[in-house]
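Structure first, commentary second.
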Amino acid sequence: MGYVNGLKCKECGEKYDKLPIHVCELCFGPLEVDYDYEKIKEVVTKDSIEKGPPSIWRYKDLLPLDEEPKVGFHCGYTPLVKAENLGKELGLKNLYIKNDSVNHPTFSFKDRVVAIAVSKALEFGFDTVSCASTGNLANSVAAHAAEAGLKSYIFIPEDLEAGKIMGTLIYGAKLIRVKGSYDDVNRLCSEIGEGHKWAFVNINIRAYYGDGSKSYGYEIAEQLGWRTPDNVVVPVAGSSLITKIWKAFHEFEMLGLVDKVQTKVFAAQATGCSPVTTAIKAGEEFFKPVKPNTIAKSIAIGNPADGIYGIKTAKISGGYGEDVSDEEVVAGMKLLARTEGIFTETAGGVTVGVTKKLVEQGRIKPDETTVICITGNGLKTLEAINGTFPETDLIEPRLSSFEEKFSNNILV
Ligand SMILES: *Cc1c(COP(=O)(O)O)cnc(C)c1O
Ligand SMILES: [Zn+2]
């Protein structure tokens, strides 16, 4: 199997063999996977995909493996929920939620990229996987390394939530906290990578890893009945997911699986870490790196690796970018839970809050089909809502105690 020619520089087009490398030697541009689309066209149809397994591997021919997948057999194919209640609140008639808060096995969209990265690491013969992470990647790399029987060294900023820390340690990973922000962690990992022959999923095998995110876009199009939405609102950290959703839609168009793509792509960030949306709003091509300060820690990347491509995607698609305060993040989490029964983490609160703002600005219109990307699970970021509810009632185990509270309207 496999329809990968090799790697190609995204900037100058220079071609490279299939190796664990990620930077062009000529221009320092990022490398991306170079597929043989002519051959893919001969084998990939709606029918061939629909006959595949209910996981990301139904799109195997569009993903960058040379051998059969080794992990992640239950990853992906998450629900696309028609959000009638939230739609009513926001004034949208055709609103959908792509719900990766229930992705297998670690409840975020990162399982998609890691399923690819760890399978690829095994193809390359690595015995150790590693990453710099804002939390969800840590959980997913640790889980998949355990499944694959690989060692894992995971580097995170010092101040992550308990759920992200326990959700890494439980798998037996070696977790290292670094004094500083994600950007410090990432820089350190690049240096560590020079001396240690490890598969850093989002560094030396980033080109392969990133394409796992395409499956999120494929699923949106397939689950909408083989069409692309008018709008998609995407939470942005390093800007990988936003660019790959766009790429996925256009690959489907090229393969004749959907009509001409007219989707507007909207970037969503927290105001406390918004290099990408700030640039989009200012009409600039480049972003200024920032020092993150937000409760939306999973998307707190101040110097995003693919930031310029994220900005470009929003622009060429006719979309935009917005950001919301931490208070709006919490309000967004609560709104989604209250209306749809979906408990998302802070990044999801960002996406919901930004969608609300975009509707109010008239950039997203009531009759259009809009997909909100919910990429992580709220049980991992309990800190964000801790202390934001009134204290719960405590009663004696007696009917009278209950009735007393009830008649005082306290429990109503
Ligand atoms: C990593 C992450 C993102 C964004 O990922 P990028 O591809 O780096 O932009 C969005 N949501 C959640 C929950 C994440 O963990
Ligand atoms: Zn180049």
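First listed ligand is number 1; within each ligand, the first listed atom is number 1.
- At a heavy-atom distance under 4.0 Å, atoms from both the backbone and the side chain of T375 approach ligand 1.
- At the top of the distance list for atom 8 (O) of ligand 1, counting protein heavy atoms only, stands G238 N, 2.8 Å.
- Only the side chain of A347 comes within 4.0 Å of ligand 1, counting heavy atoms alone; its backbone N, CA, C and O stay farther away.
- Using a 4.0 Å cut-off between a side-chain N of Lys or Arg and a carboxylate O of Asp or Glu, R187 and D183 do not qualify as a salt bridge.
- Summary of contacts: the protein heavy atom closest to atom 3 (C) of ligand 1 is F109 CE2, 3.4 Å.
- Of all atoms in ligand 1, numbered sequentially from 1 with element shown, those under 4.0 Å from a heavy atom of S240 are 6 (P), 7 (O), 9 (O).
- The residues K264 and D230 are annotated as not salt-bridged, no charged nitrogen and carboxylate oxygen being separated by less than 4.0 angstrom.
- For the pair K380 (side chain) and T106 (backbone), a donor-acceptor distance under 3.5 Å is present.
- F389 carries K334 over the face of its six-membered ring, with the cationic atom under 6.0 Å from the centre and within 45° of the normal.
- Ligand 1 has an N or O atom lying under 3.5 Å from an N or O atom of A237, backbone or side chain.
- At a 3.5 angstrom cut-off on N or O pairs, E345 does not count as close to ligand 1.
- The Zn ion (ligand 2) lies at the vertex of an angle of 110° between the SG atom of C9 and the SG atom of C12 (rounded to 10°).
- Judged by distance alone, with hydrogens and angles left aside, the side-chain atoms of E158 form no donor-acceptor pair with the main-chain N or O of R177 at under 3.5 Å.
- With a 4.0 Å cut-off on non-hydrogen atoms, D306 does not touch ligand 1 at all.
- To the nearest 10 degrees, the Zn ion (ligand 2) sees SG of C27 and SG of C24 at an angle of 120°.
- With a heavy-atom cut-off of 4.0 Å, K244 does not touch ligand 1 at all.
- Using a 30° and 60° split on the angle between ring planes, F252 and Y218 fall in the parallel class, below 30°.
- Closest to atom 2 (C) of ligand 1 among all protein heavy atoms lies K110 NZ, 2.4 Å.
- Atoms of ligand 1 lying under 4.0 Å from at least one heavy atom of S239, given by number and element, are 6 (P), 8 (O), 9 (O).
- Not a single heavy atom of S108 sits under 4.0 Å from any atom of ligand 1.
- Both tests do not hold together for R363 against F266: distance to the six-membered ring centre under 6.0 Å, angle to the ring axis within 45°.
- The nearest non-hydrogen atom to atom 10 (C) of ligand 1, considering only T351, T344, I299, L241, comes from I299.
- Below 30°, between 30° and 60°, or above 60°: for F124 and F126 the angle between ring planes is above 60°, a perpendicular geometry.
- In this structure, K244 forms no cation-pi arrangement with Y59, as its terminal cationic atom is not both closer than 6.0 Å to the ring centre and no more than 45° off the ring axis.
- A donor-acceptor distance shorter than 3.5 angstrom exists from the side chain of T134 to the backbone of S298, with no hydrogens or angles considered.
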